[in-house]
Amino acid sequence: MTGNSLLPLPETLDPFVIGQMGQSLDGRVALPSGESKYLNSIGGLRHLHRLRAHVDAVLIGIGTALCDDPLLDVRLVEGKNPARIVVDPHSRLPATARLLREDGARCLVLSPLRRDLPAHVEQILPTRMERKFSPREILLTLRQEGLRNILVEGGPFTLSQFLETGCLDHLHLIIAPLLLGAGPSGVNLPPPLSLAAALRPGCQVNILEGGDVLFACDFNLTS
Ligand SMILES: NC(=O)c1ccc[n+]([C@@H]2O[C@H](COP(=O)([O-])OP(=O)(O)OC[C@H]3O[C@@H](n4cnc5c(N)ncnc54)[C@H](OP(=O)(O)O)[C@@H]3O)[C@@H](O)[C@H]2O)c1
């Protein structure tokens, strides 16, 4: 599938925040060692790159930056590389991280001020930061920076916080047909008191090239 046909994002929803996670049949997003490249098939990866091309910025937590050293670009599809954002309250991101490369896309680090990062890297401290930012405050801070439509790409800690605080409009879960047996799970939420109280977003299901299955969930719709 090509283009944005798999992106059921209402034109009128602006700003929007979309989460994405690739996981195994048994709900794991990585091996216990942290290895997660590449859990998904080429279809899953292309879909992720399409999402990146559709937003102003991609946001990850420092855990993912350290484990995966991702490029966060759109090399598998046509489009513009989004801005890259890392949430790093303890200044752990190496200055050599690949996402800090200078390629025309904005690079933002949410952390206390550091002097060792390249000059093109923007450092932002959300106002009420005490080593823990609320997702809502992060989004407001990014909007002030002109970044309105955001892809939260993980990892589990970061994505789950955005979900728990009601900050995601959409969640695209891409299930790969494999079993890992152990490893972190992608979405960790306090359990509902009963099944009737469970979060049930509206969902579209698509089979992607290579056999991955996309659950495109819309929290503005309920099933
Ligand atoms: N399969 C997939 O689609 C996928 C996608 C992404 C990542 N992954 C995998 O997930 C694993 C990493 O997951 P993770 O949950 O450990 O990492 P993560 O969510 O990327 O990073 C978590 C860390 O980011 C910081 N952080 C995030 N949100 C924050 C906030 N609101 N306020 C303050 N600090 C915040 C904290 O840093 P401090 O610890 O410094 O406080 C937190 O411990 C890796 O194995 C990676 O390969 C898989």
Side-chain angles (χ1 to χ4, degrees), residues 17-52 57-72 76 84-94 97-99 108-112 114 123-142 150-168 170-189 208 210 212-217:
V17 183
I18 180 164
Q20 185 282 159
M21 191 60 71
Q23 63 182 55
S24 62
L25 287 174
D26 50 347
R28 315 292 181 175
V29 300
L31 288 172
S33 64
E35 181 187 348
S36 69
K37 279 185 186 168
Y38 287 102
L39 198 153
N40 286 109
S41 69
I42 186 66
L45 291 174
R46 266 206 196 101
H47 182 70
L48 171 59
H49 286 216
R50 269 199 298 273
L51 289 176
R52 288 177 181 166
V58 173
L59 179 145
I60 61 171
I62 182 64
T64 300
L66 294 176
C67 249
D68 299 350
D69 196 14
L71 288 165
L72 303 181
L76 296 180
R84 302 182 285 267
I85 305 164
V86 187
V87 187
D88 184 18
H90 298 98
S91 306
R92 296 195 283 146
L93 185 70
R98 298 196 302 172
L99 61 82
L108 295 91
V109 180
L110 304 188
S111 77
R114 295 172 56 173
Q123 299 188 52
I124 296 177
L125 189 66
T127 44
R128 269 174 285 136
M129 183 193 136
E130 289 163 4
R131 307 270 176 202
K132 169 120 175 134
F133 321 106
S134 82
R136 214 161 280 284
E137 196 171 336
I138 291 176
L139 292 175
L140 286 174
T141 304
L142 296 179
I150 310 291
L151 171 62
V152 179
E153 211 176 294
F157 179 92
T158 305
L159 184 80
S160 300
Q161 279 191 77
F162 273 77
L163 185 53
E164 188 179 343
T165 52
C167 285
L168 292 186
H170 296 262
L171 174 63
H172 282 200
L173 275 182
I174 305 178
I175 317 285
L178 81 172
L179 293 155
L180 297 183
S185 58
V187 177
N188 302 291
L189 294 176
L208 305 177
D212 286 2
V213 178
L214 165 67
F215 283 79
C217 308

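All values below come from the heavy atoms of this structure, side chains included, with hydrogens, waters and symmetry mates left out. Whatever order the structure lists them in is the order used to number ligands and atoms, beginning at 1.
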Original post:
Do ligand 1 and Ile60 have nitrogen or oxygen atoms that lie under 3.5 Å from each other?
Top reply: no
Original post:
Can you find an N or O of Gly22 that's nearer than 3.5 Å to an N or O of ligand 1?
Top reply: yes
**OP:** Considering the heavy atoms of Cys67, write down every atom of ligand 1 situated less than 4.0 Å from one of them.
**Re:** 44 (C), 45 (O)
**OP:** Using a strict cut-off of 4.0 Å, indicate which atoms of ligand 1 neighbour a heavy atom of Gly34.
**Re:** 44 (C), 45 (O), 47 (O)
Original post:
Less than 3.5 Å between some nitrogen or oxygen of Glu153 and one of ligand 1, yes or no?
Top reply: no
Subject >> Residue selection (non-hydrogen contact nearest atom 36 (C) of ligand 1) among Leu110, Leu93, Ile62, Val29 >> reply: Ile62
Subject >> Phe157 N/O to ligand 1 N/O under 3.5 Å >> reply: yes
Original post:
Can you find a heavy atom in the side chain of Leu59 that is under 4.5 Å from one in the side chain of Thr158?
Top reply: yes
**OP:** Go through the steps for Leu108 and Arg84 under the test side-chain contact (heavy atoms from CB on, under 4.5 Å), then give the verdict.
**Re:** CA-CA 6 Å; Leu108 295 91; Arg84 302 182 285 267; over 6 Å; no
Original post:
So do Val152 and Val17 actually touch side chain to side chain, heavy atoms under 4.5 Å?
Top reply: yes
Subject >> Any Leu25 side-chain heavy atom under 4.5 Å of Ile175 side chain >> reply: yes
Subject >> Of the listed options Gly63, Gly19, Ser160, closest to atom 21 (O) of ligand 1 (non-hydrogen atoms) >> reply: Gly63
Subject >> Residue selection (non-hydrogen contact nearest atom 39 (O) of ligand 1) among Arg28, Arg92, Glu137 >> reply: Arg92
Original post:
Val87 heavy atoms, cut-off 4.0 Å: which ligand 1 atoms fall inside?
Top reply: 24 (O), 25 (C), 26 (N), 27 (C), 28 (N), 29 (C), 30 (C), 34 (N), 35 (C)
**OP:** Measure the shortest side-chain to side-chain distance between Ser111 and Leu93 over non-hydrogen atoms and say whether it is less than 4.5 angstrom.
**Re:** no
Original post:
What do we get for Gln161 next to ligand 1 when only non-hydrogen atoms under 4.0 Å count, side chain, backbone, both or neither?
Top reply: side chain
**OP:** Please say whether His90 places an N or O atom under 3.5 Å from an N or O atom belonging to ligand 1.
**Re:** yes
Original post:
Does Pro156 have a heavy atom less than 4.0 Å from any atom of ligand 1?
Top reply: yes
**OP:** State, with a plain yes or no, whether a side-chain heavy atom of Ile18 is found less than 4.5 Å away from one of Leu168.
**Re:** no
Original post:
Hey, is ligand 1 close enough to Gly155 that some N/O pair sits below 3.5 Å?
Top reply: yes
Subject >> Met21 vs Leu173, side-chain contact (heavy atoms from CB on, under 4.5 Å): CA-CA, chis, key distance, verdict >> reply: CA-CA 5 Å; Met21 191 60 71; Leu173 275 182; 3.7 Å; yes
Subject >> Side-chain heavy-atom pair Leu139, Phe162 within 4.5 angstrom cut-off >> reply: yes
Original post:
Taking distance alone, with no angle check, do Pro89 and ligand 1 share an N/O pair under 3.5 Å?
Top reply: no
Original post:
Has ligand 1 got any nitrogen or oxygen that is less than 3.5 angstrom from a nitrogen or oxygen of Thr64?
Top reply: yes
Original post:
Would you say Ala30 and ligand 1 have an N/O pair spaced under 3.5 Å apart?
Top reply: no
Original post:
Nearest non-hydrogen atom to atom 27 (C) of ligand 1 belongs to which of Leu173, Thr158, Val86?
Top reply: Thr158
**OP:** Taking the side chain as every heavy atom from C-beta outward, state whether Leu179 and Ser24 have any pair of such atoms under 4.5 Å apart.
**Re:** no
Subject >> Polar contact flag, side-chain donor to acceptor under 3.5 angstrom, Asp88-Ser91 >> reply: no
**OP:** Would you indicate whether the side-chain heavy atoms of Leu99 and Val86 approach each other to under 4.5 Å?
**Re:** yes
Original post:
Near Met21, which atoms of ligand 1 are under 4.0 Å from a heavy atom of that residue?
Top reply: 2 (C), 3 (O), 4 (C), 5 (C)
Original post:
Could you walk me through whether Val109 and Ile124 pass the side-chain contact (heavy atoms from CB on, under 4.5 Å) check?
Top reply: CA-CA 6 Å; Val109 180; Ile124 296 177; over 6 Å; no
Subject >> Full working for side-chain contact (heavy atoms from CB on, under 4.5 Å) between Arg52 and Glu153 >> reply: CA-CA 9 Å; Arg52 288 177 181 166; Glu153 211 176 294; 2.7 Å; yes
Original post:
Hey, which atoms in ligand 1 end up nearer than 4.0 Å to a heavy atom of Gly61?
Top reply: 18 (P), 20 (O), 21 (O), 24 (O)
Original post:
Do Ser134 and ligand 1 have an N or O pair less than 3.5 Å apart?
Top reply: no
